[in-house]
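Working notes for the structure below.
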Amino acid sequence: MTYHPKSDFLRVMFERGFVADCTDYQALDEAFKKGVVPGYIGFDATAKSLHVGSLIQIMMLRWLQKCGGKPIVLMGGGTTKVGDPSFRADERPLLTNAQIDDNIAGIKRAFSPYVSFGSGASDAVMVNNAEWLDDLNYLEFLRVIGRHFSVNRMLSFESVKSRLDREQSLSFLEFNYMILQAYDFLELNRRYGCLIQMGGSDQWGNIVNGVDLTRRVVDAEVYGLTSPLLTTSDGKKMGKSQSGAVWLNGDMFSPYEFWQFWRNTTDADVGRFLKLYTELPVEDCDRLGALEGAEINGAKIVLANAVTTLLHGAEAAAAAEATAREVFEKGGVGDDLPTVHVTAAELAEGLGIVQLFVKAGLAPSGKEAKRLIAEGGAKVNDEIITDASLRYDAGALGQPMKLTAGKKRHALVVLG
């Protein structure tokens, strides 16, 4: 659909590529023109950090605030106990209350660099849906809320239908997830006047349920807006690197590794990622994304610096760029590389090179490390190694040892 928004927020969403679908573009546009629009995105607490796959939603909340709206960050302390079945082949593992609380504490750290929290009209708030879900009376909930849901319609949503079409089990526990998410929207409308729920396009069915339920129960006009589910131009799921998930928390994925992830962006994705993950003007994003040859590498550095600065700060971005320059251009070690510490006890009988590559996160398994070495893709201190049986003792680790996998992934191994 071609729509020409009048409000700042929707104009930014369209110009920068955030929009997949909306329940009512024109009515939402009018709501933004009338005053402060509270909007929310929910984040279930399935890990101790969010990863890059969630960054597009966090940026939507940031732009909402920059355009005068009120971001509501909803922690899924309640819904995590059920587990979102959307486009999954199996049921999520059930977490304990303590695990969920621990995960929420870790996830919270990702938001303060992007949105400003406080008590003002457009200040962000963070709430936990366990506040209203934990103490629900089941029978009353079924009578008051459950009666508004058609099972026929719920079965037609693609997130459920795809699971059933593959004849994969969908538990009654999981089937309730979309009802609970819809109830979240209703509660946030009651408590904060929330007018819009945002999320990835895989959440469309859940969001539409929330819009319908809120209209039915409290006769309020509310809206849904989804963003595209991103894959890189080579078809990989956004949020994954060769060494695993690209976490937003620095203690799980270092600022250097984070910077390097963006520096390694495929040429075809540079312009799109600049629009989605930075605040550079759109015309600059288009210009940088159109560069070719060696010049596109300069655009990737701009991307890496801008995204890293937003999350980890300008100093961390500058340190990461300096380390990359030291490692790649000068063949040095670099002060900011991911570091793996080994103990004297581990080195007493010698530590194998295969084990070191796995320990450093440069290979997911011993088998992959051996394959990397056999194919000439492994280096120690910039020298190619071909012997997978090499072992190192404390004497060999008197100085930091730089491990390299391929051309772009590095780590330091140090004693202590």
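Atom set for the values below is all heavy atoms of this structure, side chains included, hydrogens, waters and symmetry mates excluded.
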Between atom [atom1] of [X] and atom [atom2] of [Y], what is the distance when rounded to the nearest 0.5 Å?
X    : Y    : atom1 : atom2 : answer
E131 : D184 : CD    : CG    : 10.5 Å
F43  : Q57  : CZ    : CD    : 6.0 Å
I100 : K81  : CD1   : NZ    : 5.5 Å
F185 : N209 : CZ    : CG    : 12.0 Å
M178 : L213 : CE    : CG    : 13.0 Å
D134 : N128 : CG    : CG    : 7.5 Å

With a 4.5 Å cut-off on side-chain heavy atoms, are [Y] and [X] touching?
X    : Y    : answer
L61  : I41  : yes
F111 : L50  : yes
F258 : V52  : yes
L303 : V307 : yes

Give the table of side-chain donor-acceptor pairs shorter than 3.5 Å for residues 289-296, with sequence neighbours excluded, one pair per line with atom names and distance.
none

Check: [Y] main-chain N/O paired with [X] side-chain donor or acceptor under 3.5 Å:
X    : Y    : value
T278 : L280 : yes
T80  : G76  : yes
T265 : W262 : yes
D102 : A98  : no
S49  : W247 : no
N249 : M252 : no

To check you understand the geometry: which heavy-atom pair defines the closest contact between [X] and [Y], and what is its length?
X    : Y    : result
A110 : L248 : CB-CD1, 4.1 Å
S227 : A20  : C-CB, 3.6 Å
V358 : A369 : CG2-CB, 4.3 Å
G210 : T214 : O-OG1, 2.8 Å
L195 : N189 : CD2-ND2, 4.3 Å
K379 : F357 : O-CZ, 3.7 Å

Donor + acceptor pair across side chains of [X], [Y] (<3.5 Å):
X    : Y    : value
S254 : E257 : yes
Q203 : N206 : yes
N305 : W259 : yes

Among residues at least two apart in sequence or on other chains, which ones pass ring-ring contact (aromatic ring centres under 6.0 Å, His included) with Y192? none
Ring pair (Phe, Tyr, Trp, His ring centres under 6.0 Å) assessment of Y25 paired with Y223: CA-CA 9 Å; Y25 289 106; Y223 313 97; over 10 Å; no
Which residues pass the side chain to side chain donor-acceptor pair (under 3.5 Å) test with T226, sequence neighbours left out? none
With R287, which residues qualify under side chain to side chain donor-acceptor pair (under 3.5 Å), at least two apart? none
Does V127 form a side chain to side chain contact (heavy atoms under 4.5 Å, CB included) with V73? I'd like the steps, not just the answer. CA-CA 6 Å; V127 294; V73 180; over 6 Å; no
Could you walk me through whether K300 and V270 satisfy the side chain to side chain contact (heavy atoms under 4.5 Å, CB included) test, starting with their C-alpha distance in whole Å, then the side-chain angles of each, then the deciding distance to 0.1 Å, before giving a yes or no? CA-CA 7 Å; K300 293 179 184 180; V270 173; 3.7 Å; yes
Among E15, R11, M13, side-chain contact (heavy atoms from CB on, under 4.5 Å) partner for P5: R11
Using the salt bridge (charged side-chain N to carboxylate O under 4.0 Å, His left out) rule, collect all pairs that involve residues 245-254, keeping only residues at least two apart or in two chains. R109-D251
Given side chain to side chain contact (heavy atoms under 4.5 Å, CB included), test C22 with L28 step by step and report yes or no. CA-CA 9 Å; C22 179; L28 180 58; 3.9 Å; yes
Side-chain ion pair, [X] and [Y], N-O less than 4.0 Å:
X    : Y    : result
R272 : D286 : no
K34  : E30  : no
E279 : K66  : yes

Apply side-chain hydrogen bond (donor to acceptor under 3.5 Å, both in side chains) to the pair D29 and Y3, showing each step before the final yes or no. CA-CA 10 Å; D29 217 3; Y3 181 74; 2.9 Å; yes
Do N103 and Q99 pass the side-chain hydrogen bond (donor to acceptor under 3.5 Å, both in side chains) test, and can you show the C-alpha distance, the side-chain angles, and the key distance before you say yes or no? CA-CA 6 Å; N103 288 346; Q99 288 173 316; over 6 Å; no
Which pairs would a plain distance check flag for residues 113-126, meaning a side-chain donor or acceptor within less than 3.5 Å of a matching protein atom at least two apart in sequence or in another chain?
from, atom 1, to, atom 2, distance (Å)
D123, OD2, S119, N, 3.3
D123, OD2, G120, N, 2.8

Please say whether more than 12 non-hydrogen atoms of neighbouring residues, nucleotides or ligands are located less than 6.0 Å from CD in Q26. no
Step by step, work out the side chain to side chain contact (heavy atoms under 4.5 Å, CB included) result for V208 and R153. CA-CA 11 Å; V208 168; R153 189 178 184 212; 3.2 Å; yes
